[in-house]
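Inspection log for the structure reproduced underneath, given as structure tokens.
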Amino acid sequence: MSTNFPQGFLWGGAIAANQAEGAYLEDGKGLTIVDLLPTGEKRWDVMTGHIDSFIPSAEEYYPSHESIDFYRRYKEDIALFAEMGFKALRLSISWARIFPNGDDESPNEAGLQFYDNLFDELLKHGIEPVVTLAHFDVPVHLVETYGSWSNRKLVHFFEKYVKTVFTRYKDKVKYWMTFNEINMLLHLPFIGAGLVFKEGDNQKQIQYQAAHHQLVASALAVKACHELIPNAKIGCMLAAGTTYPYTCNPDDVYEAMEKDRESFFFIDVQSRGEYPAYTKRFFKDNDLTIKMEKEDAALLKNHTVDYIGFSYYSSRTTSTDPEIVKQLTSGNVFGSIENPYVEKSAWGWTIDPKGFRITANQLYDRYQKPLFVVENGLGAVDELNSDREIHDDGRIDYLKKHLIEMSEAIEDGVDIIGYTSWGPIDIVSASTGEMKKRYGYIYVDKDNEGNGSLTRTKKKSFDWYKKVIETNGASLEN
Ligand code: BG6
């Protein structure tokens, strides 16, 4: 099967500060929400907004505290990315490295310097930094003191933070993104927006109010980016994956449309610049009243994103049949039901390459703006054999099938500007906190309990991806 990718296509990988850097209190960094996520059973409760302490407990293990120590090892890791020929690396800035409490008067110079060094190192290797401003990373002080994104004040603190980093890195970074997987706020509200709930709270009300604040903050970030770095592009970021109706029963079809709209809502605002018509009915049916300021409508309208960044791991399936609904796939935060036509990963995530093509077409039809695939990949167990090699053929197969479908989408006319696969080096899993769930072309010696030398080892997929990039996607063979 021949593939076709445009010249200048941005091949690379994507990581996030909280899952890679470690050094969680180093050089003045403040505590962020992810630093409160333990491994094990409690993790889910915290991620969904049920937390009783804002201080890490001595009894728990918090994988973000060390992660893979990218903070100290970034030069070694970037050299490996460069060896694979990366054109781009998507990474995030940790807000709390720049403003440790979030509401500080002035920024933390050591934090700013770290990202200067990091961007310089990337640029030295000809790798374009693609920077997410917020990847599950609210300073804990803002959660404790203000109730995080439920409070309008966060808009102002965020604006100050983004203006600081735009000004500082304006000559180094040309691709920006506002909130990682902004729709995650509805599924994992603590991770997505630092939201914590008390008994009796109207959670939906709090979530949509927080969403409004993030949407306004996103528009202000777009505005500031365009003013401060006119030659930069700034996008949004959606956890994408089209929803299939389980049957052609119109009830199922409508349900699938509604599920997709739950996510599209965010991008409709960020890209089209206004609340979509369907939200009126949704807010009415759910008895939600969102407080908006006079200036918000114009801000949203006038400062829309330049491109649509999205992650794609899986498609989703939904049904209105109470019996079918019981068949939830495990491990999927979007609560999809089993789709008998596709396979699943070891963590129960649907593997659906064709769904990738469908999703890309759907997004392009809807927004008609360039798309940037900023996450895709297979979380799998990797074992070193007796020669200390890792033959991750399953990963190669997953990626190959997805790249073929991405090429098909491009042939369909979808404008895709780049592809940064998730976790090009093994990092901590966001949903489970495990190291065992690996996505990388580079193995990191560390286990779920935090043991290991952190040594980096190339997997078989390393050379495979190198060839993919070298041939601009023409060679996908294993
Ligand atoms: C996305 C996130 O949800 O999926 C990443 O943006 C995350 O932060 C990735 O790591 C894969 O999910 P997981 O749970 O397998 O790490």
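In each ligand, atom 1 is the first atom listed, and ligand 1 is the first ligand listed.
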Are His212 and Gln214 close enough that a side-chain donor and a side-chain acceptor fall under 3.5 Å?
-> no
When the ring planes of Tyr74 and Phe114 are compared, do they come out parallel, tilted or perpendicular, using 30° and 60° as the limits?
-> perpendicular
Can you tell me if Thr132 and Arg90 form a side-chain donor-acceptor pair at under 3.5 Å?
-> yes
For ligand 1, what N or O to protein N or O distances fall under 3.5 Å?
from, atom 1, to, atom 2, distance (Å)
ligand 1, 3 (O), Glu181, OE1, 2.5
ligand 1, 3 (O), Glu181, OE2, 3.1
ligand 1, 4 (O), Tyr313, OH, 3.4
ligand 1, 4 (O), Glu375, OE1, 3.2
ligand 1, 6 (O), His135, NE2, 3.4
ligand 1, 6 (O), Asn180, ND2, 2.9
ligand 1, 6 (O), Glu181, OE1, 3.4
ligand 1, 6 (O), Glu375, OE1, 3.2
ligand 1, 6 (O), Glu375, OE2, 2.7
ligand 1, 8 (O), Gln19, OE1, 2.7
ligand 1, 8 (O), His135, NE2, 2.8
ligand 1, 10 (O), Gln19, NE2, 2.8
ligand 1, 10 (O), Trp422, NE1, 3.1
ligand 1, 14 (O), Ser429, OG, 3.2
ligand 1, 14 (O), Ser431, N, 2.8
ligand 1, 14 (O), Ser431, OG, 2.5
ligand 1, 15 (O), Lys437, NZ, 2.7
ligand 1, 15 (O), Tyr439, OH, 2.5
ligand 1, 16 (O), Ser429, OG, 3.3
ligand 1, 16 (O), Ala430, N, 2.8

Plane angle bin for Phe86 and Tyr441 - parallel if under 30°, tilted between 30 and 60°, otherwise perpendicular = perpendicular
For residues 10-24, run the donor-acceptor check on the side chains, cut-off 3.5 Å, and write out each pair with its distance to 0.1 Å, sequence neighbours left out.
from, atom 1, to, atom 2, distance (Å)
Trp11, NE1, Asn472, OD1, 2.9
Asn18, ND2, His135, O, 3.0
Gln19, NE2, Val428, O, 2.8
Glu21, OE1, Arg97, NE, 2.7
Glu21, OE1, Arg97, NH2, 2.9
Glu21, OE1, Tyr115, OH, 3.3
Glu21, OE2, Tyr115, OH, 2.7

Report yes or no: is the cationic atom of Lys29 (NZ for Lys, CZ for Arg) closer than 6.0 Å to the six-membered ring centre of Trp95, at no more than 45° off its axis?
-> no
